[in-house]
K.L.:
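Structure incoming, see below.
Remember, it's 1-based here, ligands and their atoms both numbered in the order they're listed. These figures come from a predicted structure and were not determined experimentally.
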Amino acid sequence: MSKSLTVAVVGATGAVGREMLKTLHERNFPAAEVRAFASARSAGSKVPYGSGELVVQELKEDVFDGIDIAIFSAGGSTSQRFAPHAAHAGCVVVDNSAAWRMDERCPLVVPEVNPQALADHNGIIANPNCSTIQMIVALKPIYDAVGIKRIVVSTYQAVSGTGQKGIEELERQTRDVFNLRDPECKTYPYQIAFNILPHIDVFLDNDYTKEEMKMVNETKKILGDDSVRVTATCARVPVFYGHAESVNVETGKKMTAKECRVLLSQAPGVKVFDNPREKLYPMPLYAAGTDEAFVGRIREDESIENGLNLWIVADNIRKGAALNAVQIAEELVRRDLLGVKDRNVFM
Ligand code: 25A
Ligand code: L14
């Protein structure tokens with residue numbers, strides 16, 4: 001691929017934005033130029049890119065002229081406000097926030113699962129929630145092979161999902177506890193160090209959290225199948241990087257644990273790491289910094305006719321956010337889907 005594109009990273013100073021820059025460089029994305037944007041408070045600061053640095057520019061509505069692809073990770077309100085201006089300028093947005101995911105005009109894409117959905121984009125493409133991505137990349141081959149009727153998932157999510165401020169909170173509180181100081185809670189409502197909070201994102205009217213309902217709704221949208229029943233419980237654990245998930249699936253037809261291991265060992269984006277005798281199973285500490293969704297503890301659910309239990313772990317900042325977004329951008333280039341046909345869809 002020739003290096004001809006101009007690419008922007010919006011929210012470049014954040015935990016995910018920095019990883020996006022690193023991923024673009026590592027994967028040799030065909031960019032002639034990369035521009036870094038963040039809020040006014042970071043304008044003029046520098047972020048690493050390859051062996052050099054980029055000077056961060058303030059994001060404004062009129063910066064998108066001449067930019068082919070903008071990858072956003074600057075929070076929902078920033079995406080809501082600026083992504084339509086990008087699309088209007090002919091710049092295709094890959095957005096990591098929750099702002100556009102359930103919008104019918106926006107494809108919601110995991111490249112290993114539903115790349116075909118990119119074809120009808122209108123200039124804004126949504127990157128799914130981190131917990132949804134790692135689950136769906138492992139479940140799609142099972143869905144294709146024997147069907148899935150119902151999914152029951154419980155998550156164990158790292159503090160880096162909340163960005164730099166989540167990472168700082170766990171660090172600070174851990175030091176506070178060891179120094180016999182009262183841990184201060186700035187980011188989470190309760191102490192996260194040496195604790196577990198069954199609470200991610202805000203509570204909704206049905207008493208589920210928004211994070212839990214993202215898993216329910218995004219899974220159906222990505223599979224393009226509203227008949228799959230999904231229920232989720234999302235918890236925050238005192239881990240820096242890497243989300244873990246216990247996933248119970250009721251399948252349409254029988255699949256043995258052995259068949260599942262064979263199937264998933266051939267699946268793109270998935271690594272089976274499952275040998276109970278050798279005490280081999282996926283863990284956040286070892287998934288951090290890697291690209292795959294690791295699957296282990298594969299067992300048949302003996303309480304129902306056709307069911308499986310899986311334990312899935314992935315780096316939430318990479319496959320859960322930055323890597324998946326860059327893979328979407330790569331797929332857009334590969335499929336020749338850059339440019340925006342109707343620039344007024346979101347205006
Ligand atoms: O935290 P924010 O506000 O959402 O900011 C994230 C990025 O977006 C930029 C911001 O630049 C940062 O690069 N941004 C925010 N508002 C913007 C605007 N109006 C904007 N860019 C353009 N126009 P920044 O210069 O404001 O921030 C520089 C550093 O400060 C940290 N920070 C920001 N707000 C903070 C804060 N620190 C403490 N308290 C605050 N209120 C910021 O931390 C950055 O280092 P952070 O990056 O790590 O950001 C976390 C946000 O990133 C997204 N995110 C993280 N992980 C995931 C994720 N999204 C999806 N999946 C993930 N796994 C979330 O949106 C999270 O809020
Ligand atoms: O992408 O862990 O919608 O706090 C926002 C909250 C990602 C996880 C999203 C967290 C999420 C994040």
K.L.:
Please tabulate, one pair per line, all N/O donor-acceptor pairs under 3.5 Å involving side-chain atoms of residues 55-63, not counting sequence neighbours.
P.N.:
none

K.L.:
Take atom OH in Y286; do more than 12 heavy atoms of anything else shown fall under 6.0 Å from it?
P.N.:
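No, OH of Y286 has 12 or fewer neighbouring heavy atoms, counting only those of other groups under 6.0 Å.
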K.L.:
As an exercise, identify every atom of ligand 2 less than 4.0 angstrom from a heavy atom of C130.
P.N.:
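That gives atoms 7 (C), 8 (C) of ligand 2.
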K.L.:
Y208, V247: one ILVMFWY side-chain cluster at the under-4.5 Å cut-off?
P.N.:
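Yes, Y208 connects to V247 through the hydrophobic network.
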K.L.:
Within a reach of under 6.0 Å around CG of D207, are more than 12 heavy atoms found that belong to other residues, nucleotides or ligands?
P.N.:
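No, the 6.0 Å shell around CG holds no more than 12 heavy atoms from other groups.
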K.L.:
Indicate, with yes or no, if the rings of W311 and F294 have centres closer together than 6.0 Å.
P.N.:
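No; F294 has its ring centre 6.0 Å or more from that of W311.
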K.L.:
Considering the heavy atoms of N129, write down every atom of ligand 2 situated less than 4.0 Å from one of them.
P.N.:
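Those of ligand 2 that fall under 4.0 Å from N129 are 1 (O), 3 (O), 7 (C), 9 (C), 11 (C).
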K.L.:
Closer than 4.0 angstrom, basic N to acidic O: yes or no for K220 and D225?
P.N.:
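Between D225 and K220 there is no salt bridge, as every charged N stays at least 4.0 Å from the carboxylate O atoms.
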K.L.:
Considering both backbone and side-chain atoms of R101, is one of its nitrogen or oxygen atoms within less than 3.5 Å of a nitrogen or oxygen in ligand 2?
P.N.:
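Min N/O separation from ligand 2 is below 3.5 Å for R101.
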K.L.:
With respect to R236, determine whether any N or O atom, backbone or side chain, lies less than 3.5 Å from an N or O atom of ligand 2.
P.N.:
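Yes, there is a polar N/O contact under 3.5 Å.
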K.L.:
Does K210 approach ligand 2 within less than 4.0 angstrom via side chain, backbone, both or neither, non-hydrogen atoms only?
P.N.:
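Neither; no heavy atom under 4.0 Å.
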K.L.:
Any donor-acceptor pair under 3.5 Å linking the side-chain atoms of Y156 with those of S246?
P.N.:
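Side chains of S246 and Y156: no pair found under 3.5 Å.
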K.L.:
What I want to know is whether K214 and ligand 2 share at least one N or O pair that is separated by under 3.5 angstrom.
P.N.:
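Yes, at least one N or O pair falls under 3.5 Å.
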K.L.:
Run the numbers for me: atoms of ligand 2, each under 4.0 Å from some heavy atom of G161, listed by number.
P.N.:
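By the 4.0 Å cutoff, the relevant atoms are 2 (O), 4 (O), 8 (C), 10 (C), 12 (C).
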K.L.:
Closer than 4.0 Å to some heavy atom of E211 - which atoms of ligand 2 meet that?
P.N.:
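Matching atoms, with element in brackets: 8 (C), 11 (C).
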K.L.:
Would you call D201 a ligand 2 contact, heavy-atom distance under 4.0 Å?
P.N.:
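Contact absent.
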